[in-house]
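Atom set for the values below is all heavy atoms of this structure, side chains included, hydrogens, waters and symmetry mates excluded. Positions are given from 1 along the sequence.
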Amino acid sequence: MHPWVQKVNGWMRKVPVWPGYVFGFVPAVWLFWQAMQGNLGANPVKALEHEYGKIALQLLIASLLVTPLLQLTRINLIRFRRMIGLMAFYYVLLHFAVYLFLDLQLDWSQVAKDITKRPYIIVGTLALVMLIPVALSSNDWSVRKLSGARWRMVHKLVYPASILAAVHYVWLVKSWPLEPILYLFGMILLVGWRPYRKRQQARARAVA
């Protein structure tokens with residue numbers, strides 16, 4: 001391991017995880033305040049909804065990056081992965097809450113119509129549903145209660161959920177701009193890294 005990597009890992013071990021849960025909500029509060037002040041454009045509710053969703057995607061990408069970063073550079077951020085993943089889920093919930101409470105104002109007939117007729121809402125809802133068991137089991141009690149195999153199976157749901165979340169964003173904007181496509185491409189690369197790495201390791205063992 002390179003000396004500078006050892007130094008980075010040493011610094012990271014000294015950084016507490018809990019402030020991430022506090023400071024992670026700072027953008028949410030700031031964006032909500034900006035929306036209430038009318039500083040997010042002509043439709044602040046939609047803008048707030050989209051910003052929360054985009055932050056959720058960014059955090060999902062960050063959580064998926066932790067393992068490849070460790071494998072490629074030996075920089076170890078594993079102890080932060082749970083926090084990053086949970087913050088991603090919280091922003092997904094905020095995204096959904098703005099849609100449900102502020103955008104549709106609890107119009108349940110419209111909610112039912114959206115989740116059965118609009119493809120981007122359908123895949124977004126599926127992503128949320130898949131992330132719920134992942135978030136609920138992201139604690140030490142669940143790790144102890146579930147067997148290792150079952151816990152890992154539950155947490156593999158984050159992979160299809162991340163892809164669906166990125167597809168939701170692409171379908172939402174409709175005009176195919178570069179940004180949502182890059183999110184989708186990044187998600188596919190990061191999710192595809194896992195089986196690619198396993199195949200590489202299997203080949204290395206076979207050669208050895």
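When every heavy atom of Arg81 is checked against every heavy atom of Ser63, the shortest pair comes out as CD-O, 3.8 Å. In terms of heavy-atom proximity, Asn9 sits nearest to Asn76 at OD1-N, 2.8 Å. Taking both residues in full, the closest heavy atoms of Ser138 and His155 are given as OG-CE1, 3.2 Å, listed atom of the first, atom of the second, then distance. Minimum interatomic distance between Gln58 and Tyr183 (heavy atoms only, all atoms of both residues): NE2-OH, 2.8 Å. Between Leu94 and Ala28, the closest heavy-atom pair is CD1-CB, 3.8 Å. In plain terms, the two heavy atoms of Gly124 and His168 that are nearest each other are CA-ND1, 3.7 Å.
No side-chain heavy atom of Val29 sits under 4.5 Å from any side-chain heavy atom of Gln34. Contact annotation: the side chain of Phe96 never approaches that of Glu49 to less than 4.5 Å [non-hydrogen atoms, C-beta and beyond]. Residues Pro180 and Trp171 have side chains not in contact (no heavy-atom distance under 4.5 Å, counting atoms from C-beta outward).
Side chain of Trp151 to backbone of Ser137: a donor-acceptor contact under 3.5 angstrom is found.
Enclosure of atom CE in Met36 by more than 12 non-hydrogen atoms of other residues, nucleotides or ligands within 6.0 angstrom is indicated. Sparse packing is recorded around CZ of Phe185, with 12 or fewer heavy atoms of other residues, nucleotides or ligands lying under 6.0 Å away. Heavy-atom neighbours of Phe32 CZ from other residues, nucleotides or ligands within 6.0 Å: at or below the threshold of 12.
Taken to the nearest 0.5 Å, the CD1 atom of Ile55 stands 11.5 Å off from the NE2 atom of His95. Rounding to the nearest 0.5 Å gives a distance of 5.0 Å between CG of Asp114 and CD1 of Ile121. Between the CD atom in Glu51 and the CG atom in Leu40 there is a gap of 7.0 Å [rounded to 0.5 Å]. Here NE2 of His50 is found 8.5 Å from OH of Tyr169. Values are rounded to the nearest 0.5 Å. How far CH2 of Trp141 is from CG of Leu146: 7.5 Å, rounded to the nearest 0.5 Å. Between Leu64 atom CG and Leu69 atom CG the span is 12.5 Å, to the nearest 0.5 Å.
The only option from Leu93, Leu48, Leu104, Leu31 that meets the side chain to side chain contact (heavy atoms under 4.5 Å, CB included) definition with Val98 turns out to be Leu48.
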Checklist entry - Step by step, would you call Leu100 with Val111 a side-chain contact (heavy atoms from CB on, under 4.5 Å)? => result CA-CA 8 Å; Leu100 186 62; Val111 172; 3.6 Å; yes

Next on the checklist: Between Leu128 and Phe89, does the side-chain contact (heavy atoms from CB on, under 4.5 Å) criterion hold? Intermediate values first, please.
Outcome noted: CA-CA 8 Å; Leu128 170 61; Phe89 177 71; 4.1 Å; yes

Item to check | Test log, rule side-chain contact (heavy atoms from CB on, under 4.5 Å), inputs Trp4 and Val8 | outcome: CA-CA 6 Å; Trp4 74 266; Val8 170; 3.8 Å; yes

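Look at Arg82 and Asp140 and you find a salt bridge, because one of the NZ, NE, NH1 or NH2 atoms lies within 4.0 Å of a carboxylate O, short of that distance.
The aromatic rings of Phe25 and Tyr90 sit parallel to each other, their planes meeting at less than 30°, with 60° as the upper class boundary.
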Please set out all donor-acceptor pairs under 3.5 angstrom arising from side-chain atoms of residues 157-165, sequence neighbours excluded.
from: Ser162; atom 1: OG; to: Val158; atom 2: O; distance (Å): 2.7

